[in-house]
Amino acid sequence: MSEHRLPPGQYVPRDRSAVHYGPVPRFRPERWDLRVYGATESLGEYRWSWPEFDGLPRVDTISDFHCVTRFTIPAIHWAGVHASHLVELAPPCPEATHVMVWAEYGYSANLRMDDFLSADVVLATHREGGRLSAEHGHPLRLVVPHRYGWKSVKWVRAIEYLTADRRGFWEERGYHNIADPWAEQRYSYQEEPGQGPPLY
Ligand SMILES: Nc1nc2c(c(=O)[nH]1)N[C@H]1C(S)=C(S)[C@@H](COP(=O)(O)O)O[C@H]1N2
Ligand SMILES: [Mo]
């Protein structure tokens with residue numbers, strides 16, 4: 001990766017282990033499902049079992065990963081389902097403007113629908129050619145390369161369509177609602193009016 005591709009205030013460490021808040025969940029395939037609910041066009045809920053989700057068509061992507069704690073991991077190879085493909089399978093109603101991505105244990109992150117539909121966003125099952133390891137989000141994680149890493153939710157279990165923006169786990173704890181690393185949107189105090197719902 002050449003220097004000009006590094007967002008402001010980021011560096012490439014020699015190596016980097018997985019980071020997250022709380023324990024690594026155990027994967028129980030027979031109990032696992034992925035749900036899409038909230039402001040769907042049908043108002044109904046969509047559900048995939050593990051074998052069903054694992055049978056969806058996958059794409060390969062290579063992207064840099066930027067954590068707000070300032071490390072960047074260049075050129076990670078992911079494979080998974082395009083988020084936009086999942087949205088085709090589970091259409092939102094026209095009023096849906098945002099998504100909340102939910103993980104095991106209640107971790108969450110919010111995204112604008114347009115950010116979720118961006119071509120670089122995948123629900124990844126593979127990293128560097130193999131299945132995700134437990135600590136990198138097995139069996140399923142979101143990858144949003146154009147946002148700081150906390151929005152790349154590991155151990156994803158549900159996508160909720162929203163008709164108004166709502167803050168996720170870190171967005172209500174002082175981190176920027178949009179989180180664009182190129183604009184260095186790290187903390188909520190940097191938010192301009194209209195970039196996020198009121199903090200309370
Ligand atoms: N469910 C969940 N997902 C999470 C986190 C977390 O604490 N819980 N941490 C986030 C943060 S801050 C980062 S930088 C990335 C790290 O991904 P990695 O461990 O695969 O490098 O996961 C993100 N996804
Ligand atoms: Mo992070």
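We count residues from 1, following the sequence as given. Atoms within a ligand are numbered from 1 in the order they appear, just like the ligands themselves. Values reported hereafter were calculated over all heavy atoms of this structure, with side chains retained and with hydrogens, waters and symmetry mates removed.
- Every atom of ligand 1 with a heavy atom of Ala103 under 4.0 Å away is listed here by number and element: 1 (N).
- At a cut-off of 3.5 Å, with distance as the only test, no side-chain donor of Trp50 or Glu30 sits close to an acceptor on the other residue.
- Across Asp120, Val59, Leu117, Leu123, a single residue satisfies side chain to side chain contact (heavy atoms under 4.5 Å, CB included) together with His82, and that is Val59.
- Among protein heavy atoms, the minimum distance from atom 24 (N) of ligand 1 is reached at Ser152 O, 3.0 Å.
- Annotation: cation-pi geometry not satisfied between Arg157 and Trp102 (NZ/CZ under 6.0 angstrom from ring centroid, within 45° of ring axis).
- Residue Lys154 holds the heavy atom nearest to atom 19 (O) of ligand 1 of all those in Lys154, Glu135, His66.
- Proximity of Phe65 to ligand 1, defined as any heavy-atom pair under 4.0 Å, is confined to the side chain (atoms from C-beta onward).
- Contacts of Trp150 with ligand 1, taken as heavy-atom pairs under 4.0 Å, involve both backbone and side chain.
- At a heavy-atom cutoff of 4.0 Å, ligand 1 is contacted by both the backbone and the side chain of Tyr21.
- Short contacts between ligand 1 and Cys67, defined as distances under 4.0 Å to a heavy atom of the residue, involve ligand atoms 14 (S).
- A centroid separation of less than 6.0 Å is found between the aromatic rings of Trp170 and Tyr21.
- For His138 and Phe27, the distance between ring centers is under 6.0 angstrom.
- Ring pair Phe53/Trp48 is perpendicular by interplanar angle, where above 60° counts as perpendicular and below 30° as parallel.
- Distances below 4.0 Å separate heavy atoms of Trp155 from the following atoms of ligand 1: 1 (N), 2 (C), 8 (N).
- If you look at Ala18 next to ligand 1, the close heavy atoms, those under 4.0 Å, come from the backbone and the side chain alike.
- For the residues Lys151, Arg141, His20, the heavy atom positioned nearest atom 17 (O) of ligand 1 is part of Arg141.
- The nearest protein atom to atom 16 (C) of ligand 1, hydrogens excluded, is given as Val19 O, 3.4 Å; this is a heavy-atom distance.
- With no hydrogens or angles considered, no side-chain donor-acceptor pair links Lys154 and His136 at under 3.5 Å.
- Considering only non-hydrogen protein atoms, atom 2 (C) of ligand 1 sits nearest to Tyr107 CD2, 3.4 Å.
- Under a cutoff of 6.0 Å and an axis angle of 45°, Arg173 and Phe169 form a cation-pi pair.
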